[in-house]
Amino acid sequence: MSETAMGASQKDFESAMSQVKRLKDPGNEVKLKLYALYKQATEGPCNTPKPGVFDLINKAKWDAWNALGSLPKETARQNYVDLVSGLSSSSDSSSQVKPEADRKQSGYETLVVTSEDGITKIMMNRPAKKNAMTMRMYEEIMLALKAASKDDSAITVLTGNGDYYSSGNDLTNFTDIPSGGVEEKAKNSAILLRDFVDCFIDFPKPLIAVVNGPAVGISVTILGLFEVVYASDRATFHTPFSHLGQSPEGCSSYTFPKIMGPAKAAEMLIFGKKLTAAEACAQGLVTEVFPDSTFQKEVWTRLKAYSKLPPNAMRISKQMIRNREKEKLHAVNAEESSTLQERWLSDECMNAIMNFLTRKAKL
Ligand SMILES: CCCCCCCCCCC/C=C/C(=O)SCCNC(=O)CCNC(=O)[C@H](O)C(C)(C)COP(=O)(O)OP(=O)(O)OC[C@H]1O[C@@H](n2cnc3c(N)ncnc32)[C@H](O)[C@@H]1OP(=O)(O)O
């Protein structure tokens, strides 16, 4: 009988463990798999309490281990040995890693993040769900922005994969209620929202939105915190907060009236008027609109040229503009987040979410 059919021996397992230490960094996703298999092989099914939502690293590790369910220890041990052996042979045969692979940053579940030509591109990557923003996506965008603020790129871009830029908050975020109840969820979500928007307020480099298709809710409101917004002529801009029993966020209660005047801002934020890309451009929310057929080519050519400008000069200019109203923006963000915390508990909001989830209503 072959070794594999019998299952890996303790000796194979120990040898794989020491092999792991000599491997080239396999990336976060693989490291999580290795961690989970190791825990399952040595301790059995996940037996520790789930870490809190903000304990990102331990939560990711816990999720990976917990996902193995009741996989037997022996199978986990064998899978660990097989995974390490696969990694060793691929790292032996490709010590010269392709530049393409180097540019893509792994470890994100909801994003594709790449860095090249002086541009870090953060792409929301849930096209089948119109890039709706899950709790995980909010956390990952914050992580990606923090990393981009320290990397050597000159500018940072947020965009979406597929036909939508983003359909805004994933409404199923309302369904995962913890044991502390809906009040606890609303409180934690308000903290997450405030932290999320703070990352945009404080982001130190020029931030560009490449709006490849329709944008809804929070994906629209935070555009007021970007330096430049390029849109395909297929894009639309929609903030249906009253329809959802909610109120504005992303500092839009302050930035939108400043950008487009109070009357136009009210039409969008109170009455949920959906703007075409051309209308959004006329009102100053969008910098420039491109035909969809040439959108990607034209925008990226433009951005590559901008990314060659002296990065420190661009950074200093951005900060000079932003610093004039940073304090105000933080105060607005705090107020909008705490107002929403109450709104989320209202009947108006709950009914609207139930209507979407039971497919009685779409925008
Ligand atoms: C207790 C408190 C918890 C609070 C947690 C809050 C956390 C922070 C919140 C910050 C505040 C943000 C506010 C907003 O962003 S408000 C805007 C919310 N967005 C919406 O209301 C859009 C809802 N979606 C739609 O109306 C339509 O899907 C849409 C018009 C966008 C597209 O319609 P279309 O017919 O073209 O496509 P489908 O509907 O078939 O969509 C394809 C699949 O994608 C799913 N989908 C799309 N958008 C969302 C979404 N926003 N949330 C969840 N799911 C979404 C859709 O259901 C389809 O899925 P299936 O294929 O599985 O059916």
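Being a predicted model, the structure only gives us computed values, none of them experimental. Order of appearance sets the numbers: ligands from 1, and atoms from 1 within every ligand. Hydrogens, waters and symmetry mates are skipped; everything else that's a heavy atom, side chains included, is used.
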I need the atoms of ligand 1 closer than 4.0 Å to a non-hydrogen atom of [X], numbered in the order shown.
{"X": "Ala132", "answer": "49 (C), 50 (C), 51 (N), 52 (N)"}
{"X": "Lys129", "answer": "44 (O), 45 (C), 46 (N), 47 (C), 48 (N), 59 (O), 60 (P), 62 (O)"}
{"X": "Phe174", "answer": "1 (C), 2 (C), 3 (C), 4 (C)"}
{"X": "Lys130", "answer": "36 (O), 37 (O), 41 (O), 42 (C), 47 (C)"}

Can you find a non-hydrogen atom of [X] under 4.0 Å from ligand 1?
{"X": "Ala128", "result": "yes"}
{"X": "Arg359", "result": "yes"}
{"X": "Phe196", "result": "no"}

Residues that, via side-chain heavy atoms closer than 4.5 angstrom, fall in one hydrophobic cluster with Val210: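 Joined to Val210, directly or through intermediates: Ile119, Ile155, Val157, Ile208, Val228, Tyr230, Phe290, Phe295, Val299, Trp300, Leu303, Tyr306, Leu309, Met314.
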
Answer yes if the side chains of [X] and [Y] hold a donor-acceptor pair under 3.5 Å, and no otherwise.
{"X": "Glu74", "Y": "Gln78", "answer": "no"}
{"X": "Ser9", "Y": "Asp12", "answer": "yes"}
{"X": "Ser232", "Y": "Asp292", "answer": "yes"}

Any nitrogen or oxygen of Asn173, main chain or side chain, under 3.5 Å from a nitrogen or oxygen of ligand 1? no

Pairs involving residues 136-155, ordered by first then second residue, that meet ring-ring contact (aromatic ring centres under 6.0 Å, His included) (sequence neighbours left out): Tyr138-Phe196

Do Leu275 and Val286 come close enough that some side-chain heavy atom pair is under 4.5 Å?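 A side-chain contact under 4.5 Å is absent here.
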
